[in-house]
Structures are given as structure tokens and as C-alpha cells.
J.: 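Mind having a look at this structure? Questions to follow.
Quick note: numbers below take in every heavy atom, side chains included, and nothing from hydrogens, waters or symmetry partners.
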Amino acid sequence: MIRTSLVDGATGAAKRAQFPAGFQQLFTSSSDMAKEGTEIAEETDQMMDLKEPENPVSPVIDPKEMRAVVLTGFGGLNKLKVTKKPMPEPQEGEVKIRVKACGLNFLDLMVRQGNIDNAPKTPLVPGFECSGIVENMGEKTQGFEIGDRVMAFVNYNAWAEVVCTPFDLVYKIPDDMTFPEAAAFSMNFVAAYMMLFEVANLQEGMSVLVHSAGGGVGQAVAQLCSTVPNVTVFGTASPFKHEAIKHSVTHLFDRNLDYVPEVKKISPEGVDIVLDCLCGENTGKGLTLLKPMGTYILYGSSNMVTGETKSFFSFAKSWWQVEKVNPIKLYEENKVIAGFSLLNLLFKQGGCSRVKTAVQKLLSLYDQKKIKPLVDSLWALEEVKEAMQRIHDRGNIGKLILDVEKSPTPLMANDSTETSEAGEEEEEQEGDIDNKERMPFIQ
């Protein structure tokens, strides 16, 4: 009762005035003691609130970061790192994709070496194609919804957990197409389709010579040729691939031997179409094999790649072996020589609508079960060095895929490429790379 009257403001003060001075001092002392008690109680409550919980919550992963393969400089395999990078957000007209799978091409190997014209500045995230799920969209983006399953072309930056790319480079995929198949579909089949049907005008009864018949593009060419009646396919490949791909081509030759006389034994007049991804001495051989009104198409120069790093000698040798083309001779022999670069068509020459038309026709063939991407193997991002070594050794039959959700094997975990965001890490001696045990791959 006394404590209540003491904190009652003006009413309490009036009552205290009725008591003698000694009792007023007593009331005052009691009031101070009550205030001190209240303050102590409040401090105790605050201290109890500051106690750490018995079961602390584990730290939350930063949702604004993602894993990505980074090329820190041009050169060998030791220039590839897996690190954390800021997650991109879609700009106007772009689609944000949560990546499930990325395609690995021989061109990526040449990019790593700096063996291309107008090479971009490093560090950079390699890769030109991927598949995944639409996660967000920028303004003025049409034709897509969050959750759509898609494949896409990307002007670099594909080897990451998230990419953003213009919506006219993104295509919805069929429900029965897996993400690895979609990542193996875009570059290989679009390039093969446009070379065969738009550049060379493939028709019934024609013949085609394709190099690297066991690779991703080579197998796409073989499948597309089978959609046209009576097309004869001549292919070159490493001997160990012959058994696996012998049913996809009509005639198969060892890539290390002179195939020209072998082709002419079967077809003395030569072939209608030559698809060359090798360059060098094969350019002259291809032109020699062309029939009148035939078309030779150069779409790569893998002969320039011999070692792990860029070789000026290999470049000079390949250039020197290329037959110097005489336009007058082409005119007299009624032969066509052409080049094809899908990425230049997309990113430098405004060919998005033409590529979209090709993709629509290809997806129709897929729905009809006439074509199907061939996946060689799946690799975790942390296994990118091993995957790239496999394509350098020409060991793949079909397409190599980086599976973003795949966990690395124990050996690769010990040889982790994880680094800080700056990508700084003590570089390995390049000679050690070849001595490492090769990991088995997943068919």
C-alpha cells in the first residue's frame, strides 16, 4: 500500500505533506529504494534477453551470391577456378535462369587458351549455352513465365548457377527433354541444321563428309542427314570411337589416315557437302573432294590446338597448310566455299530470328522422335578441368555437360578449385595436370 501511494504522483505528494518532517524523510527514502528495485529488475530482464539461445541457428547462405567457373587468364587448365560471384539480376528484356546444365564445346577450350580472334578480357565466366528454369524476368520481357523450363544462348557467363540473357535467345523445351539434353541441343543441332539446310541446301540423294563424326556436332549432322532420304554420310573419327558410332554414318574412316582416296573408291565423283571443323590441310582435301555445285563449309579450326596452351607453331602450321583459294578456280569448277559461326550470327550479326526459326524446326523433329541429343558424360562445376581435358583428348562421343547440381567426386574435392571471390590461388604446375588419375565419367 505504501509503494502504491508513493508512485501516485500529485495525490501521493499531498498525503505526504500531512505527516511530520521525519516521516516525510522516511517516505522519501522508501521511494528511492523502490525506484532502485525497479531499475535492478529491468536490468535483470534485459540481461536475460541477451542470453544466447540454447540451439544457435547456423549461418544463412548469402542469397545474392552464386557459384561460377572463372577463367582468371588465358592459358592452361590451372587458369580455371570455381568461386563465388555476385548473382546477376535481369535488365530490361532479359530472362534470369536458374541453371541446371551447361554445354562444353571445343570452342570453350580455344577461349581458355586465348586462341580466338578478339578475345575478351579476363577474368571472365566461360560458356555459351545452358538449360534451366526461369526464375525472374526484366521489364518488357515477353513469352515466358516464372517456372518455365528453357534452354538459352549466352554471350559468355553460362558456366554459373544463374545467368541473365536476352529473351530472344531463350527457348522453351519439351516436357520430356532433360536439362542435360537441352544443354547438348542448342549449339550443336542449330549449327548442324543451318549448315546443312540453309548454307549447303541438303537434298535427297546427296552425300556429306563430316569430320569429328563422334563429337556433338558430328552426331547432330548424322542424325539430321537421316531425316532426308538416301543421303550418304562419310565420317572421320578416332579409331576407338568407330564401334560406338558406326551405325550413325554410312562410311567411317580413321581421322589419322588419308581419307581422300578411300572416299573416291566409294564415290569417284566426290561428295556434295564437306563440313570441316579441323582446318589446316583438310581444307585442300575437302575442296578436292567436292563435286561440281558442291559446298565446302569451314566451321572450326581445332587443328590449331595441340597442347594445353596456345601454340604459335601449331597456329602457323595450320595457316600454312590451308590451300590458298583461287576465286577463278572456284568459278571454273563450280564449287562453293563458305564459313559458318553460329555465335557471330547471334551476337554480332543480328541473326536471332533466323536461329529461332531453326530451333522451332529442330524441336519439331525432336517431338517426332527423329533426333535426340547424345550426352557423353556429366561433370560437376568443380570437375571442369577434367571435363576440358577429356574434350582436348578427343575422348568424348557426343556432348560433355557441366551439371550444376552434381557433387564432385572425392578426388576432385581434394583437388578443389574453390577459391576466394578474387579467384586468387597458388597455381599448379601445368605438368602435374597430366599426371593426375582420370576420373571415370558417367554415361
Side-chain angles (χ1 to χ4, degrees), residues 69 71 74-80 102-116 126-127 159 180 183-184 187-188 210-220 235-246 248 252-257 259 276-280 282 299-311 313-315 317-318 374-403 406 408-409 411-412 415 417 428-443:
V69 177
L71 180 65
F74 299 120
L77 295 169
N78 60 333
K79 300 298 184 181
L80 293 166
C102 322
L104 197 157
N105 301 284
F106 202 89
L107 177 61
D108 297 310
L109 188 153
M110 298 183 72
V111 169
R112 190 202 77 214
Q113 293 187 349
N115 215 346
I116 58 173
W159 294 357
M187 281 193 67
N188 289 353
V210 58
H211 294 295
S212 299
V217 175
Q219 283 297 290
T236 68
S238 300
F240 74 90
K241 297 184 181 183
H242 286 198
E243 183 64 27
I245 66 173
K246 64 182 181 181
S248 63
L252 194 55
F253 308 107
D254 186 342
R255 71 183 299 270
N256 300 308
L257 302 179
Y259 51 85
D276 183 9
C277 60
L278 304 177
C279 197
N282 292 281
Y299 70 98
S301 53
S302 63
N303 276 348
M304 293 184 183
V305 177
T306 53
E308 186 179 330
T309 58
K310 183 177 180 179
S311 168
F313 175 77
S314 298
F315 175 84
K317 179 182 177 183
S318 183
L374 177 62
V375 175
D376 172 79
S377 48
L378 305 178
W379 305 79
L381 290 182
E382 291 77 10
E383 297 169 331
V384 65
K385 296 180 183 179
E386 290 286 318
M388 192 162 277
Q389 184 63 50
R390 180 169 174 79
I391 200 170
H392 178 274
D393 295 340
R394 277 78 166 177
N396 57 300
I397 299 175
K399 187 84 164 192
L400 283 86
I401 299 296
L402 294 178
D403 185 340
K406 181 180 181 295
T409 60
L411 178 61
M412 291 305 297
D415 181 38
T417 54
E428 304 167 12
Q429 295 298 318
E430 292 186 7
D432 295 338
I433 304 261
D434 294 330
N435 295 330
K436 288 182 182 176
E437 179 185 356
R438 296 277 174 255
M439 294 303 300
F441 54 91
I442 302 174
Q443 293 284 2

J.: Name the one of Arg112, Glu386, His392 that satisfies side-chain contact (heavy atoms from CB on, under 4.5 Å) with Leu77?
T.: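 Among Arg112, Glu386, His392, the one that satisfies the side-chain contact (heavy atoms from CB on, under 4.5 Å) with Leu77 is Arg112.
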J.: Picking from Thr236, Leu252, Asp254, what satisfies side-chain contact (heavy atoms from CB on, under 4.5 Å) with Tyr259?
T.: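 Only one option passes, and that is Thr236.
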J.: Which heavy atom of Ala213 sits nearest a heavy atom of Ala237, and at what distance?
T.: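 Answer, listing the atom of Ala213 first, then Ala237: N-CB, 4.4 Å.
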J.: Considering non-hydrogen atoms only, spot the tightest contact between Trp159 and Gly127 and give its length.
T.: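 Smallest heavy-atom distance, with atoms named: NE1-CA, 3.4 Å.
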J.: Is Asp393 reaching over with its side chain to a backbone N or O of Gly395, donor-acceptor style, under 3.5 angstrom?
T.: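 A pair under 3.5 Å: no.
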J.: Taking only residues two or more places apart in sequence, or in another chain, which ones meet Ala184 in a side-chain contact (heavy atoms from CB on, under 4.5 Å)?
T.: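 Scan of Ala184 (side-chain contact (heavy atoms from CB on, under 4.5 Å), adjacent residues dropped) gives Pro373, Val375, Lys399, Ile401.
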J.: For Met388, run the side-chain contact (heavy atoms from CB on, under 4.5 Å) check against Leu109, Val69, Leu400 and tell me which one passes.
T.: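 Exactly one pass, corresponding to Leu109.
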J.: Drop me the distance from Leu402's CG to Leu104's CG, to the nearest 0.5 angstrom.
T.: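 Going from the CG atom of Leu402 to the CG atom of Leu104 covers 5.5 Å.
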J.: Only counting residues at least two apart or in another chain, list the ones meeting ring-ring contact (aromatic ring centres under 6.0 Å, His included) with Phe74.
T.: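 Expected list: none.
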J.: How many angstroms lie between atom OG of Ser212 and atom CZ of Arg255, to the nearest 0.5 angstrom?
T.: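 Answer for the OG-CZ pair, Ser212 versus Arg255, is 6.0 Å.
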J.: Please list, chain by chain and in numerical order, all residues satisfying side-chain contact (heavy atoms from CB on, under 4.5 Å) with Ile397, sequence neighbours excluded.
T.: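 In terms of side-chain contact (heavy atoms from CB on, under 4.5 Å), with neighbours along the sequence ignored, Ile397 is linked to Lys241, Ala244, Ile245, Leu374, Asp376.
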J.: Who passes side chain to side chain donor-acceptor pair (under 3.5 Å) against Asp108, sequence neighbours left out?
T.: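 Not a single residue meets the side chain to side chain donor-acceptor pair (under 3.5 Å) criterion with Asp108.
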J.: With rounding to the nearest 0.5 angstrom, report the OG to CG distance, Ser238 to Asn256.
T.: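 Output value for this atom pair is 6.0 Å.
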J.: Provide the closest heavy-atom pair for His211 versus Cys277 in the form atom of the first, atom of the second, distance.
T.: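 Reported closest heavy-atom pair: O-SG, 4.1 Å.
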J.: Between Phe253 and His242, is the ring centroid distance below 6.0 Å?
T.: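 No: the rings miss the under 6.0 Å criterion.
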J.: Applying side chain to side chain donor-acceptor pair (under 3.5 Å), can you list everything that pairs with Asp276, at least two apart in sequence or on another chain?
T.: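 With sequence neighbours excluded, Asp276 shows a side chain to side chain donor-acceptor pair (under 3.5 Å) to Tyr296, given in chain and number order.
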J.: Under the side chain to side chain donor-acceptor pair (under 3.5 Å) test, which residues partner Tyr299, sequence neighbours left out?
T.: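 Expected list: none.
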J.: Output the distance between atom OG (Ser377) and atom CG (Asp403), rounded to the nearest 0.5 Å.
T.: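 Output value for this atom pair is 11.0 Å.
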